[in-house]
Amino acid sequence: MLSESNNKTFFKLIQESSQEEMIWMCGYISGLLFYKKKDFKEIKKEEKKITLVYGTETGNAKNLAFDIYEKAKKEKIKIKLISLDQYCLRDLEKEDYFFIVMSTHGEGAPPSSAKSFFDFIHHNKNLFLKNMKYSVLALGDKSYTYFCKAGEDVDKRLYDIGAIRIIPLYKCDVDYENQADKWFSEILNFLKKKNEIYTKKKNKKICGKILKNIILNNKEKGSNKEIHHIEIFVSNKIEYSPGDSIGIFPENPSIERDNIIEYVKKNRKKEFEEYKYEEKNKISSLLKKKFNILFLSENFLKKYSFLSEKKNIFLKKKWKLIDLLIKFPMRNEYSLKDLIKIIEPIKPRLYSISSSPKAHENVIHITVSRHRFQLNGKTVYGHCSDFLSKLKIGDELSFFIYKNKIFKLPNSDKNIILIGPGTGIAPFRSFLYEREATKATGKNWLFFGDQHFDTDFLYKTEILNWKKKGILYRVILSFSRDQEKKIYVQDKIWINRIKFFSWIKNGAYVYVCGNKIPMSVDVEKMIYRIIEEVGKCNSKLFIKKMKKEGKYLKDVY
């Protein structure tokens, strides 16, 4: 109970406070009580800070921010909501995730409640937001010349001073509800995905040994692709389901590590000696397994420009760290520790598992395309796919299981349509082995395609055997370059449109895996067309119903 004087003060404060101020007070008090229960070590382990701010003139941005805040609470997201005119600008450098709802006033100006914030980020030359991940939802009116200009300016400025844009700028007209919902959905998906990846990374890594690493393409007959089938043996039982992936942290090539070490030895000898004898931070170990030194991100380049003697770094060019150090050396007042603070870690790459836990005990299979592309006039290879392609029998490999909670097989009596050109076949190989092992009664229809039948028919023997044994009820193949006019899987879907629509009308599950652009887009357009022209149905409503029932699933990249 409160004392009489405190009781009067408390109720007077409640009566005179706005809803927004009461929410802030609740959060502040909760925070005080929460932290009193924890010692300093526990506080350090707290979740990343998520803040939602708004700048409003007429109240629309405020109302929308409150709606988003309520939705976030329902999703169990711990988020702080505050108006920009009450926000402590000194806290910007401490923010982890910062989401902004910003209206535009008059001729492209920020609303009065956001003026101080707007001026602070634009005129503070020493502001460097290296920790912040952000996104902006801009409100405006298309009838005005400077539509959403204030939001655009904030989005660009945060990016320019080092913050990481995790969701592209969304611009909303007067009817902003749909766009705002999409923006929040993207944020929600991002936060959930980050949480899942973080959880997987924190799990104990699984250590395995390479049993097999073979190229599936027929190089002798002229295939220009290099797709590897890799088998990994693990001594203990592995817990995974068809549809899951494994996460791999690739190691950096020795030649790239050696070049950086030689550069540091020559140009920063004293600092190199310090790191050399600190076993935990031994520079060679960090360069091998921890630091991303290839294909540096634009965000890293912007941060590095603060350390460099020269500011005119070509941000759109893809840099390796050694080339950057030589072309744009660091200023003398900055040390290796300053560089290490901004260097980004190697991110895990996910590969769909192409084996089945029922059929392949203690072994995991993956299907890896060694990605090749041109960079600055030279042929280079993707970091992880190149690393995996060079693994030999007996080599050790660490990985973690990434659970895909959505891309799963239905009940064993349900029919499924699998659309997986190229390496998109990987999870479907897992599906089919699983259905064969469990004697599933549902029918399986596979669409597979690539460039040439003779050189690029991945898992040809297995697929034809499944067809012969009846595991595959139907197999439709499409090899785009075996004839003058290119024919893709979506073209074969159209040829089989009557049967295809009959299957989905009667409840078949559709799975799509492979390249997002253009494959999955073209396939989806074709499915919409079949629903409209063959089924005489509203395709948007039909697909929406399928997605809601979990009968239209994609795993695209």
Salt-bridge contact Asp153-Lys149 (side-chain N to carboxylate O under 4.0 Å): yes
Residue pair Phe501, Phe542: steps toward the ring-ring contact (aromatic ring centres under 6.0 Å, His included) verdict: CA-CA 11 Å; Phe501 181 74; Phe542 195 102; 5.8 Å; yes
Whether Asn444 side chain and Ile471 backbone form a donor-acceptor pair below 3.5 Å: yes
Lys/Arg N to Asp/Glu carboxylate O, Asp491 vs Lys486, below 4.0 Å: no
Interatomic spacing from CG in Asn496 to OG in Ser502 - rounded to 0.5 Å: 12.0 Å
Donor-acceptor pair between Thr367 and Tyr459 side chains, under 3.5 angstrom: yes
Aromatic contact, Tyr488 with Trp494 (centres under 6.0 Å): no
Within the 6.0 Å centroid threshold, strictly below: Tyr351 and Phe399: no
Greater than 12 external heavy atoms within 6.0 Å of Tyr528's OH: yes
Expected output: side-chain Asn189 to main-chain Ser185 donor-acceptor under 3.5 Å: yes
Check against side-chain contact (heavy atoms from CB on, under 4.5 Å), Ser83 and Tyr54: CA-CA 5 Å; Ser83 171; Tyr54 61 89; 3.5 Å; yes
Pair Glu57, Ser103: side-chain N/O donor-acceptor within cut-off below 3.5 Å: no
Six-ring centre of Phe190, Lys133 cation under 6.0 angstrom, axis tolerance 45°: no
side-chain contact (heavy atoms from CB on, under 4.5 Å) assessment of Gln490 paired with Arg529: CA-CA 11 Å; Gln490 63 267 21; Arg529 183 183 172 190; over 6 Å; no
Spacing of Asp96 atom CG and Met132 atom CE [to the nearest 0.5 Å]: 9.5 Å
Flag side-chain contact, heavy atom, 4.5 Å: Thr56 against Leu64: no
Between Glu298 and Tyr159: side-chain donor-acceptor atoms closer than 3.5 Å: yes
From Tyr97, Phe98, Tyr134, residue fulfilling side-chain contact (heavy atoms from CB on, under 4.5 Å) relative to Ile166: Tyr97
Heavy-atom check, side chain of Val510 versus side chain of Lys551, under 4.5 Å: no
Atom NE2 of His105 with >12 non-hydrogen neighbours under 6.0 angstrom: no
Short N-O contact, Glu436 and Lys469, less than 4.0 angstrom: yes
Side-chain touch Leu129/Glu95, heavy atoms, less than 4.5 angstrom: no
Glu75, CD: over 12 other non-hydrogen atoms inside 6.0 angstrom: yes
Pairwise side-chain contact, Phe447 with Phe500, heavy-atom cut-off 4.5 Å (strictly under): yes
Mutual orientation of the aromatic rings belonging to Phe400 and Phe249 [parallel < 30°, tilted 30-60°, perpendicular > 60°]: tilted
Stepwise side chain to side chain donor-acceptor pair (under 3.5 Å) test for Glu152 and Tyr146: CA-CA 10 Å; Glu152 285 181 340; Tyr146 298 99; over 6 Å; no
Residue pair Ile543 / Lys547, side-chain heavy-atom distance below 4.5 Å: yes
Side-chain donor-acceptor pair present, Ser369, Thr423, cut-off under 3.5 Å: no
Close side-chain approach of Tyr87 to Leu92, heavy-atom, < 4.5 Å: yes
Axial cation check for Tyr473 ring with Lys443, 6.0 Å and 45° limits: yes
Trp183 and Phe99 aromatic ring geometry - parallel, tilted or perpendicular at 30°/60° bounds: perpendicular
Side-chain donor/acceptor of Gln483 to backbone N/O of Ser480, under 3.5 Å: yes
Test applied, side-chain hydrogen bond (donor to acceptor under 3.5 Å, both in side chains); reference residue, Asn217; option that passes from Asp450, Thr455, Asn224, Asp456: Asp456
From Ser385 atom OG to His228 atom NE2, the distance as rounded to the nearest 0.5 Å: 8.5 Å
Presence of salt bridge, Glu226 and Arg372, under 4.0 angstrom: no
Criterion side-chain contact (heavy atoms from CB on, under 4.5 Å) on Ile77 and Ile187, from CA distance to verdict: CA-CA 11 Å; Ile77 295 173; Ile187 289 171; over 6 Å; no
Residue pair Lys492, Ile487: steps toward the side-chain contact (heavy atoms from CB on, under 4.5 Å) verdict: CA-CA 8 Å; Lys492 289 296 182 80; Ile487 300 174; 4.0 Å; yes
Centroid-centroid distance, Phe373 to Phe295, less than 6.0 Å: yes
Sub-4.5 Å side-chain heavy-atom contact between Ser356 and Arg429: no
Considering all heavy atoms, the nearest Thr104-Gly151 contact: OG1-N, 4.0 Å
Leu137 CG to Gln179 CD distance, which is reported to the nearest 0.5 Å: 8.5 Å
Minimal non-hydrogen separation, Pro345 against Asn292, with atom names: O-CB, 3.9 Å
Side chain proximity check, Ile246 to Ile206, heavy atoms < 4.5 angstrom: no
Between CD on residue Gln451 and OG on residue Ser478, distance to nearest 0.5 Å: 11.5 Å
Non-hydrogen atoms of Arg435 and Pro410 that approach each other most closely: NH2-CG, 4.0 Å
